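Here's the structure we're looking at; comments come further down.
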Number of protein chains: 2
Amino acid sequence: MPTQTFFNLPEAKRQALLDAAIDEFADNSYNHASISRIVARLGIAKGSIYQYFQDKQDLYLYLLDLVIQEKLALLHGVQSPDPQMNIFAFLRRLLRSSADFNFTRPRLAQVAYRAIYDDLPFHDETIARMRAASATYITQLVEQGISQGNIAPEVDPELAVFVISTLSADFGKFIFARLGVDPRTLDGENPLRQHLPEIEQLFDQLVTILEQGLGNRQAGATPGRESQGATDDTR
Amino acid sequence: MPTQTFFNLPEAKRQALLDAAIDEFADNSYNHASISRIVARLGIAKGSIYQYFQDKQDLYLYLLDLVIQEKLALLHGVQSPDPQMNIFAFLRRLLRSSADFNFTRPRLAQVAYRAIYDDLPFHDETIARMRAASATYITQLVEQGISQGNIAPEVDPELAVFVISTLSADFGKFIFARLGVDPRTLDGENPLRQHLPEIEQLFDQLVTILEQGLGNRQAGATPGRESQGATDDTR
DNA sequence: CGGTCATATGACTGTGCGGTCACATGACCG
DNA sequence: CGGTCATGTGACCGCACAGTCATATGACCG
């Protein structure tokens, strides 16, 4: 937990510190990220950081909390208007929101990405929770999909969760690579609004692939490819 | 490149050194892996390592070459008996071989895994090649699948490559997690032969999902789920 | 003004690292 | 034997790091 001193800081300075820290932890693994560099970039004394945070881990975990809070707020904003809605349509919305996060907060998203794949000296402490949170979220979705008949009953549920979460997690990276955009270039305002149609199309295709691959063909609840991209009322 | 001295070493010592190095680079990221620890574990002097390798990077890249060679040898061993074979049947064989590598050489596989996801100080030098090699391999497969009509023509080829390679790359991890096995526990002989039937079944399911998701339904070249797992003559 | 107190400072400590090098060892040879 | 040469050694160097602490600052107050 940050100290009271940190919260007493003038807004601008506190934000500058967070931005610098996010940049550092986005560009470097936890072990390689350097407090010395952060304070050098900010032009403040090393000791100051230790007025605000107990240690490096304290600072890092605070940043990670920011990420989790922002992401959860985002996901909870994606409400299914109809609880009976085909889960693939719902998934399409989730993926779109998730990708929005990558576009609007690419540096924060990078910190989150590292949190999952870096080997932190305290990996089990909070990180596993991130994966778990995301996994349970999708697990619920899959269970709902099975009980509603959207997902083929012969598909192993854990395998379905694996397929969906793995593809969801890496899809953002794929989009960046596909568009030839470097995530470290853009922050906030970005030049990829022009690509939105292409991105939308890729989204629809991915969800269609998932729907085809995992969906229940017998139930008739899952339209085939012939209605591709036209099943989501948000279009 | 290792020095001549390294190759002059007695077989046992050379292998012990490689094993220790593989363990170190499997357990730690490149930056965190420590030459000092390697020599301590081996009970040799630090200077000795520098008789064999120019520096840490030289040692690491040599290990990586070992991984790539072993993996490529493995993949080239998977020959399609029939070049017209449904690419999903072929893919099933590739995945199975790939997973075998994870089981028989888990430490080496872990080094390879880290090579892809770690942020190395020389990331572009050789690492991108690993991804690229794997990607072009799958790209060829996808192109073949499209031209043979196994893959639906309306699917974006790059997206298909993304889906296949992402799932392939992480499937090994999923298997370990699913079975509750810690990759760092086993080496060589392992206690998961007993799970082989379950693993086989998951393989078949994954390939079926891919086939359903990406396959061409019009051409009739891609049997549906009703023939699940029975299309591969290796069964 | 002097006094106080939250805040800021940066020289300093201890630690571990990659890499070096002057020297030791010992197998082999004439 | 002495000499040679490939190989082995570990104290040592420079460096970067996280974290400490005695000291400095300056806003505010009576």
Side-chain angles (χ1 to χ4, degrees), chain A residues 1-18 20-25 27-64 114 118-123 125, chain B residues 1-18 20-25 27-64 114 118-123 125:
Chain A
M1 277 287 290
T3 65
Q4 186 56 48
T5 307
F6 176 69
F7 294 110
N8 294 342
L9 248 36
E11 167 69 18
K13 183 164 187 177
R14 204 175 71 238
Q15 199 54 56
L17 199 156
L18 287 180
I22 288 171
D23 273 345
E24 182 69 13
F25 284 105
D27 286 337
N28 305 97
S29 67
Y30 176 80
N31 282 315
H32 195 61
S34 158
I35 299 289
S36 303
R37 263 200 301 269
I38 293 177
V39 297
R41 224 184 288 184
L42 286 169
I44 66 172
K46 172 104 73 94
S48 295
I49 287 269
Y50 291 91
Q51 302 271 21
Y52 313 141
F53 299 93
Q54 263 208 316
D55 50 23
K56 186 182 182 180
Q57 178 173 333
D58 189 33
L59 166 58
Y60 178 74
L61 289 180
Y62 180 67
L63 291 184
L64 218 51
R114 283 187 180 280
D118 270 13
D119 58 331
L120 303 166
F122 45 95
H123 208 280
E125 203 145 332
Chain B
M1 276 284 290
T3 64
Q4 187 55 47
T5 307
F6 176 70
F7 294 110
N8 293 344
L9 248 35
E11 168 69 18
K13 182 163 187 177
R14 204 175 70 239
Q15 200 54 54
L17 198 156
L18 288 179
I22 287 171
D23 273 345
E24 181 70 11
F25 283 106
D27 286 337
N28 306 97
S29 68
Y30 176 81
N31 281 316
H32 196 62
S34 158
I35 300 289
S36 304
R37 264 200 300 268
I38 293 176
V39 298
R41 223 183 289 184
L42 286 169
I44 66 171
K46 174 107 71 95
S48 294
I49 286 270
Y50 291 91
Q51 301 270 22
Y52 314 141
F53 300 93
Q54 264 208 316
D55 51 24
K56 187 182 183 180
Q57 178 173 334
D58 189 32
L59 166 59
Y60 179 74
L61 289 180
Y62 180 68
L63 291 185
L64 219 51
R114 283 187 181 278
D118 272 12
D119 58 331
L120 304 165
F122 46 96
H123 209 279
E125 202 145 333

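A note on names: the letters A, B, ... follow the listed sequences, proteins ahead of strands, and every chain is numbered from 1. Everything quoted here is computed from the prediction, not taken from an experiment.
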Worksheet item: Looking at side-chain heavy atoms only, is the closest gap between B:Arg14 and B:Phe6 below 4.5 Å?
Response: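 They are in contact (side-chain heavy atoms under 4.5 Å apart), so the answer is yes.
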Discussion item. Do B:Glu24 and B:Arg41 have side chains that approach each other closer than 4.5 Å (heavy atoms only, starting at C-beta)?
Written reply: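 Yes; the side chains approach each other to less than 4.5 Å.
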Could you go over nucleotides 3-5 of chain C and give all protein N or O partners under 3.5 Å, atom names and distances?
none

Discussion item. Using a 4.0 Å heavy-atom cut-off, does A:Ile44 contact any base of the nucleic acid, only the sugar-phosphate backbone, or nothing at all?
Written reply: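 Sugar-phosphate only.
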Worksheet item: Do you know the tightest heavy-atom contact between B:Ser36 and B:Val39?
Response: O-CG2, 3.1 Å
Worksheet item: Between B:Asp58 and B:Pro2, what is the shortest heavy-atom contact and its length?
Response: OD2-N, 3.9 Å
Worksheet, complete the sentence: A:Ile38 CD1 to D:dA16 P, in whole Å, measures 17 Å
Item to complete: Would you mind reading off the distance between A:Asn28 atom CG and D:dC17 atom C1', rounded to a whole angstrom?
Response: 13 Å
Item to complete: Check B:Tyr52, B:Phe25, B:Tyr50 against B:Leu59 for a side chain to side chain contact (heavy atoms under 4.5 Å, CB included) and give me the one that passes.
Response: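 Output: one option passes, namely B:Phe25.
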Supply the atom-to-atom distance [X] [atom1] to [Y] [atom2], rounded to the nearest 0.5 angstrom.
{"X": "B:Lys13", "Y": "B:Leu42", "atom1": "NZ", "atom2": "CG", "answer": "8.5 Å"}
{"X": "A:Ser29", "Y": "A:Arg114", "atom1": "OG", "atom2": "CZ", "answer": "6.0 Å"}
{"X": "A:Leu9", "Y": "A:Gln4", "atom1": "CG", "atom2": "CD", "answer": "11.0 Å"}

Practice prompt. Can you tell me the pairing partner of C:dG30 across any strand shown, Watson-Crick or G-U wobble, with both distances under 3.5 angstrom?
Written response: D:dC1
Fill in: Aromatic ring proximity, centroids under 6.0 angstrom, B:Tyr30 and B:Phe122
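For B:Phe122 and B:Tyr30, the ring centres are under 6.0 Å apart.
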Distances for protein N/O vs nucleotides 17-20 of chain C N/O pairs under 3.5 angstrom?
from   : atom 1 : to      : atom 2 : distance (Å)
C:dC17 : OP1    : B:Ser34 : OG     : 3.2
C:dG18 : OP1    : B:Ala33 : O      : 3.1
C:dG18 : OP1    : B:Ile35 : N      : 3.1
C:dG18 : OP1    : B:Lys56 : NZ     : 3.3
C:dG18 : OP2    : B:Ile35 : N      : 3.1
C:dG18 : OP2    : B:Ser36 : N      : 3.3
C:dG18 : OP2    : B:Ser36 : OG     : 3.4
C:dG18 : N7     : B:Lys46 : NZ     : 2.9
C:dG19 : OP2    : B:Tyr50 : OH     : 3.1
C:dG19 : OP2    : B:Lys56 : N      : 2.8
C:dG19 : N7     : B:Lys46 : NZ     : 3.0
C:dG19 : O6     : B:Lys46 : NZ     : 2.9

Nucleotide N/O to protein N/O under 3.5 Å, stretch nucleotides 6-8 of chain D:
from  : atom 1 : to      : atom 2 : distance (Å)
D:dT7 : OP1    : B:Asn8  : ND2    : 2.8
D:dT7 : OP2    : B:Thr5  : OG1    : 3.0
D:dG8 : OP1    : B:Lys13 : NZ     : 3.3
D:dG8 : OP2    : B:Tyr52 : OH     : 2.8
D:dG8 : N7     : B:Gln51 : NE2    : 2.7

Practice prompt. For side chain to side chain contact (heavy atoms under 4.5 Å, CB included), just list the numbers for A:Phe53 and A:Ile35, CA-CA rounded to whole Å, side-chain angles, deciding distance to a tenth of an Å, and then say yes or no.
Written response: CA-CA 11 Å; A:Phe53 299 93; A:Ile35 299 289; over 6 Å; no
